[in-house]
K.L.:
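One structure is given below, represented as structure tokens, and several questions about it will come after.
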Protein chains: 2
Amino acid sequence: MELRQLRSLVALTETGFNVTQAAERLHLVQSAVSQHLSRLEEELGVVLFERQGKRLIGITATGKQVVNYARKTLANTENILAIGRDFSEESLGTLRIGTTHAQACYVLPSVLRMFRKTYPDIIVQIHQSNPKQLVEMTINNTVDISICTEALADAPGLKTLNCYRWNRSLIAPQGHPINDLHPLTLEALCEYPLISYLSGFTGANHLRKTFARLGLKPKVVLSAADTDVIKTYVREGFGIGIVVSSANSSMDADLEAQDLSRLFPWETTRVAYNQDKYLRHYESHFISLLQTGVANNGISLFT
Amino acid sequence: MELRQLRSLVALTETGFNVTQAAERLHLVQSAVSQHLSRLEEELGVVLFERQGKRLIGITATGKQVVNYARKTLANTENILAIGRDFSEESLGTLRIGTTHAQACYVLPSVLRMFRKTYPDIIVQIHQSNPKQLVEMTINNTVDISICTEALADAPGLKTLNCYRWNRSLIAPQGHPINDLHPLTLEALCEYPLISYLSGFTGANHLRKTFARLGLKPKVVLSAADTDVIKTYVREGFGIGIVVSSANSSMDADLEAQDLSRLFPWETTRVAYNQDKYLRHYESHFISLLQTGVANNGISLFT
DNA sequence: ACTCCTTACGGAGCACGTAACTATA
DNA sequence: TATAGTTACGTGCTCCGTAAGGAGT
């Protein structure tokens, strides 16, 4: 068995069992990949792919298992190479961050600013996706580190660290009657048209459930993926907004903010990486920045 | 990077950094292993071994990390080969069982008898060692499956399953006064010369601690590693014996047995294997036999 | 007819072995 | 001097690429 063969095998599964594409991805010709596959099947004495004539149309159950271990094998060779780079070219490399939309995007800029001070030459890639996909990408080593709130609590195969906790604030235009309402209640929030995040984003599901548990029906007139959009429409007078508390640190003069952490559950944003992964120095550094450095950003640390 | 290079690397660490021996183990000549090492160090840009002139005298911290991942890499390739064998030669293979002395040896025979009925051609190796080493061997893939009572409760890197629980019985010659003593107490046991297991074997440590906790000093006149030895000396009148309950299932006519499970803590024997290991069909079968089949042997199942 | 995979064949590269060299105990 | 490791060099294997041949859509 050779590592090349395993690489071809994995490439095949990732191109929908297409030998030609797999070969391209590996900078080889079709026949090479084809040979890899037949050699491997011969050595193992097992059929890895389902075929119609000569075409590959699917993977066998056994094939899936083999691919699973092939991935791990290759991941470990990558780890070894990573150790090497950690010593021979410590300040070079790529940091592939997987993250959900708005929430982590609000934190990342300041963290990355700090990160760049120490590692200015590391290429940072931000892969935006939904929590479920992020888990997948982290396990498949498509990204190095994932940051998100919703899923990945304890996904098997991942090492997960608590990062920080956050809650929501109400924003309303200056002079809006709700600004004088103390204490605020969930019922009061239902009196006015609401603007908040789209389902699946930034704790929107917990928000919805909190109202639903009390049988309340908030009048949500607009849902956005982005805090800035929400703010814009609040300014336009479409309604009052519920946003991540950290988002009003810049203190827009024309908006008033009230803390809502008594009314809604605290959310925990977590950072996760593949448990089998060797963390390069700069990756560890990035994680520790995430865990400690965000205090500067007006976000409460996880305690 | 090539798998051969990793194999040489691991062999080097396992032969005390001796290139010649490593080469022999791999059926290669010295120069081949030497080249593997230099190529690998060159590719990684890292010094893996400490040297005095040309001699390897130790491994660097970085080297240890690389070896760690190299082991995992190779283990995964072995897993892939194992999958292959599971289909192409299902009834052939080797089962390397790591186990502590007496205790598991009393259970294994009957389990292996059942095992052979289904898989008569599997070569069974029994590697006898102490619990601590067993953990090591299981992680290093020197053995496939370990069975023991004392350690490996939740050693990291191992998957551990409860197997069965057991306790001790008193054995004494016919007509010995202690046979009429009901109920038995720890104090009563201290009245007579005792024969039991050597420290480290078969729950001997828990036995000792149970006495010690009450400030009792049993008169241990003889310690053996083997139940048969204990029985022999009990017959000879050297003293009364404390042995694994399962050991008197054959009911020697000249000895009387009393259950001691009220007096001593229950022990749990566990089976463990490397969490990254692919279990071949016959290995899973063996484990399920261990977990269910031992009831036939007069040993209480884990409940 | 086009796409896709396999098989045959040839060349280039490299991994291993032999052997000479160097260094340590 | 004996033991251990590196370096040099040649041979044979094998891996990849070119190209031709089937097989499916």
Side-chain angles (χ1 to χ4, degrees), chain A residues 1-60 62-63 66-67 70 73-74 77 80-81, chain B residues 1-60 62-63 66-67 70 73-74 77 80-81:
Chain A
M1 189 192 325
E2 296 289 326
L3 289 173
R4 318 170 236 285
Q5 295 170 353
L6 302 184
R7 274 189 263 274
S8 289
L9 177 65
V10 171
L12 275 171
T13 66
E14 288 176 355
T15 55
F17 323 116
N18 184 315
V19 181
T20 313
Q21 286 180 43
E24 273 172 21
R25 176 185 292 216
L26 297 170
H27 308 291
L28 292 171
V29 294
Q30 297 96 329
S31 72
V33 174
S34 186
Q35 286 177 56
H36 286 169
L37 179 57
S38 30
R39 289 260 166 87
L40 191 58
E41 284 188 325
E42 189 192 18
E43 179 176 358
L44 299 181
V46 162
V47 178
L48 298 173
F49 290 97
E50 291 161 353
R51 300 158 209 244
Q52 276 184 356
K54 293 190 170 181
R55 300 206 174 191
L56 310 185
I57 57 160
I59 189 166
T60 62
T62 316
V66 173
V67 167
T73 307
L74 296 173
T77 64
I80 293 174
L81 294 177
Chain B
M1 189 191 330
E2 296 288 326
L3 289 173
R4 319 170 236 285
Q5 295 170 353
L6 302 184
R7 274 189 261 275
S8 289
L9 177 64
V10 170
L12 275 169
T13 65
E14 288 177 354
T15 55
F17 323 114
N18 184 315
V19 180
T20 313
Q21 285 179 43
E24 273 173 21
R25 176 185 293 218
L26 297 170
H27 308 292
L28 292 172
V29 293
Q30 297 95 330
S31 72
V33 174
S34 187
Q35 286 176 57
H36 286 169
L37 180 56
S38 27
R39 290 260 166 88
L40 192 59
E41 284 188 325
E42 189 192 18
E43 179 176 357
L44 299 181
V46 161
V47 178
L48 299 173
F49 290 98
E50 291 161 353
R51 300 157 208 246
Q52 274 185 359
K54 293 190 170 181
R55 298 207 177 192
L56 309 185
I57 56 160
I59 189 165
T60 62
T62 316
V66 173
V67 167
T73 307
L74 296 173
T77 64
I80 292 174
L81 294 177

K.L.:
Once each nucleotide of nucleotides 20-25 of chain D is scored for protein heavy atoms under 4.0 Å, what B/S/- sequence comes out, 5' to 3'?
P.N.:
-BBBBS
K.L.:
Of all nucleotides in DNA chain C that come within under 4.0 Å of a heavy atom of chain B, which is furthest toward the 5' end and which toward the 3' end?
P.N.:
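The footprint of chain B covers C:dA15 to C:dA25.
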K.L.:
Write down the atom of B:Thr77, the atom of A:Thr73, and the distance for their closest heavy-atom approach.
P.N.:
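What the structure gives for the nearest pair is CG2-CG2, 3.7 Å.
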K.L.:
Looking at D:dT14, I'd like to know if its phosphate oxygens (OP1 or OP2) sit under 4.0 Å from a side-chain N or O belonging to A:Arg39.
P.N.:
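Checking D:dT14 against A:Arg39, no side-chain N or O comes under 4.0 Å of OP1 or OP2.
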K.L.:
Sequence neighbours excluded, which residues qualify as side-chain contact (heavy atoms from CB on, under 4.5 Å) partners of A:Ala23?
P.N.:
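Listed in chain order: A:Val33.
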K.L.:
Looking at five pairs on each end of the helix from C:dA1-D:dT25 to C:dA25-D:dT1, what is the angle between the two axes, given to 10 degrees?
P.N.:
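The helix from C:dA1-D:dT25 to C:dA25-D:dT1 shows an end-to-end axis angle of 30°.
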K.L.:
What residues form a side-chain contact (heavy atoms from CB on, under 4.5 Å) with A:Arg7, not counting sequence neighbours?
P.N.:
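Result, side-chain contact (heavy atoms from CB on, under 4.5 Å) vs A:Arg7: A:Leu3, A:Leu26, A:Leu74.
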K.L.:
Side-chain contact, heavy-atom cut-off 4.5 Å: B:Val19 with B:Leu37?
P.N.:
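A side-chain contact is absent here, since even the closest heavy-atom pair is not under 4.5 Å.
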K.L.:
Does anything in residues 40-51 of chain B reach DNA chain C, meaning a heavy atom under 4.0 Å, and if so which residues?
P.N.:
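None - not one residue of the stretch has a heavy atom sitting under 4.0 Å from the strand.
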K.L.:
With nearest nucleotide decided by heavy atoms, which residue, A:Glu2 or B:Leu56, maps closer to the 5′ end of DNA chain D?
P.N.:
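Closest to the 5' end, via its nearest nucleotide, is B:Leu56.
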K.L.:
With sequence neighbours excluded, tell me which residues meet side-chain hydrogen bond (donor to acceptor under 3.5 Å, both in side chains) with B:Ser8.
P.N.:
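B:Ser8 satisfies side-chain hydrogen bond (donor to acceptor under 3.5 Å, both in side chains) with B:His36 once adjacent residues are dropped.
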K.L.:
To the nearest 0.5 Å, tell me how far B:Glu2 CD sits from A:Glu2 CD.
P.N.:
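Here the rounded value is 5.5 Å.
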K.L.:
Who are the side-chain contact (heavy atoms from CB on, under 4.5 Å) partners of A:Thr20, not counting sequence neighbours?
P.N.:
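A:Thr20: side-chain contact (heavy atoms from CB on, under 4.5 Å) contacts with A:Asn18, A:Glu24, A:Gln30.
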K.L.:
Can you sort out which residues in residues 8-35 of chain A have a heavy atom within less than 4.0 Å of DNA chain C? Ascending by number, please.
P.N.:
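By residue number: A:Phe17, A:Asn18, A:Val19, A:Thr20, A:Ser31, A:Ser34.
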K.L.:
Side-chain atoms of residues 42-60 of chain B: list all donor-acceptor pairs with protein atoms under 3.5 Å, sequence neighbours left out, distances to 0.1 Å.
P.N.:
unit_1: B:Glu43; atom_1: OE1; unit_2: B:Met1; atom_2: N; d: 2.9
unit_1: B:Glu43; atom_1: OE2; unit_2: B:Met1; atom_2: N; d: 3.1
unit_1: B:Arg51; atom_1: NE; unit_2: B:Phe49; atom_2: O; d: 3.4
unit_1: B:Arg51; atom_1: NH2; unit_2: B:Glu41; atom_2: OE1; d: 2.5
unit_1: B:Arg51; atom_1: NH2; unit_2: B:Glu41; atom_2: OE2; d: 2.6
unit_1: B:Thr60; atom_1: OG1; unit_2: B:Val47; atom_2: O; d: 3.0
unit_1: B:Thr60; atom_1: OG1; unit_2: B:Leu48; atom_2: O; d: 3.1
unit_1: B:Thr60; atom_1: OG1; unit_2: B:Gly63; atom_2: N; d: 2.9

K.L.:
Enumerate the residue pairs fulfilling salt bridge (charged side-chain N to carboxylate O under 4.0 Å, His left out) with a member in residues 25-38 of chain A, sequence neighbours excluded, ordered by first and then second residue.
P.N.:
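Passing the test, one end in residues 25-38 of chain A: A:Glu14-A:Arg25.
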